[in-house]
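Note that the structure is a prediction, hence the values are computed from the model and not measured.
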Amino acid sequence: MLMAGTLLLCAAPAAAQDDSYQHAQELAAQADTAMNQAIADGNAGRNGQACEGFKAARSLYIRADFNVMSTSTDANIIRAVRRVSKELQSKADLAGKYARIACGQ
């Protein structure tokens with residue numbers, strides 16, 4: 001059974017964890033939940049639900065990436081959040097790939 005990993009947004013120092021960063025963490029958690037549910041739906045043969053779930057997860061990962069990238073203008077923090085951003089983008093790409101498969105595109 002395929003399971004999506006949990007993203008820990010802890011790359012930036014605590015001082016960088018403003019409202020945008022906290023919101024990014026919440027969105028990433030929601031995206032992981034949606035991704036895991038979509039995987040479960042796909043494994044159970046519910047492709048229509050899996051399709052919608054993967055689309056929702058992709059959208060949430062993209063929103064989380066936007067929020068994490070808008071947390072700070074400090075160069076040291078930006079380097080840290082870029083690593084997190086890259087992981088979020090990878091997860092969004094994977095969710096998009098799975099959506100195309102589940103949706104029959």
Side-chain angles (χ1 to χ4, degrees):
M1 177 181 222
L2 183 62
M3 296 296 289
T6 300
L7 178 66
L8 298 176
L9 297 176
C10 57
Q17 295 188 9
D18 63 5
D19 290 340
S20 294
Y21 197 82
Q22 293 297 327
H23 189 60
Q25 287 181 308
E26 293 165 7
L27 289 170
Q30 291 173 17
D32 285 342
T33 300
M35 185 78 156
N36 287 331
Q37 183 59 51
I39 290 168
D41 288 339
N43 287 339
R46 296 184 297 266
N47 288 344
Q49 290 172 312
C51 171
E52 294 305 315
F54 288 128
K55 286 179 181 180
R58 180 179 180 276
S59 175
L60 287 165
Y61 284 129
I62 290 169
R63 289 176 50 206
D65 180 40
F66 176 80
N67 277 278
V68 83
M69 288 303 293
S70 63
T71 58
S72 178
T73 57
D74 180 272
N76 292 324
I77 295 171
I78 288 174
R79 283 192 291 275
V81 298
R82 280 187 180 150
R83 289 190 298 270
V84 174
S85 174
K86 185 175 181 178
E87 186 173 347
L88 288 167
Q89 290 171 11
S90 293
K91 286 186 170 196
D93 291 345
L94 184 62
K97 176 182 175 183
Y98 288 167
R100 286 188 294 279
I101 293 168
C103 299
Q105 297 174 347

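The side-chain heavy atoms of I39 and F54, taken from C-beta on, include a pair separated by under 4.5 Å. Side-chain contact check for V68 versus Y21: some heavy-atom pair is nearer than 4.5 Å.
Taking CZ of R82 as the start and NZ of K86 as the end, the distance is 12.0 Å to the nearest 0.5 Å. Atom CZ of R58 is separated from atom CG of L94 by 11.5 Å, given to the nearest 0.5 angstrom. Here the CD1 atom belonging to I62 is positioned 12.5 Å from the CG atom belonging to N67, to the nearest 0.5 angstrom.
For the pair A64 and A28, the tightest heavy-atom approach, listed with the atom from each and the gap, is CB-N, 3.9 Å. Minimum heavy-atom separation, A40 to R46: O-NH2, 4.0 Å.
Applying the side-chain contact (heavy atoms from CB on, under 4.5 Å) rule to A56 yields no partners; only residues at least two apart in sequence or on another chain are considered. Among residues two or more places apart in sequence or in another chain, the side-chain hydrogen bond (donor to acceptor under 3.5 Å, both in side chains) test is passed with Q30 by none.
Salt bridge K91/D32: present, at least one basic N to carboxylate O contact under 4.0 Å.
Placement of Y61 and M69 within a single hydrophobic cluster is found when ILVMFWY residues are connected by side-chain heavy-atom separations under 4.5 Å, directly or transitively.
The backbone N or O of A29 lies less than 3.5 Å from a partner atom in the side chain of T33, making a donor-acceptor pair. Formation of a donor-acceptor pair under 3.5 Å by the S70 side chain with backbone atoms of F66 is found in this model.
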When you look at Q49 and E52, which way does the side-chain contact (heavy atoms from CB on, under 4.5 Å) test go after all the steps?
CA-CA 5 Å; Q49 290 172 312; E52 294 305 315; 6.0 Å; no
Run the side chain to side chain donor-acceptor pair (under 3.5 Å) test on Q37 and D41 for me, step by step, so that the C-alpha distance in whole Å, both residues' side-chain angles and the decisive distance to 0.1 Å come before the verdict.
CA-CA 6 Å; Q37 183 59 51; D41 288 339; 3.0 Å; yes
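Grouping Ile, Leu, Val, Met, Phe, Trp and Tyr by side-chain contacts under 4.5 Å, direct or through others, puts L27 with L60.
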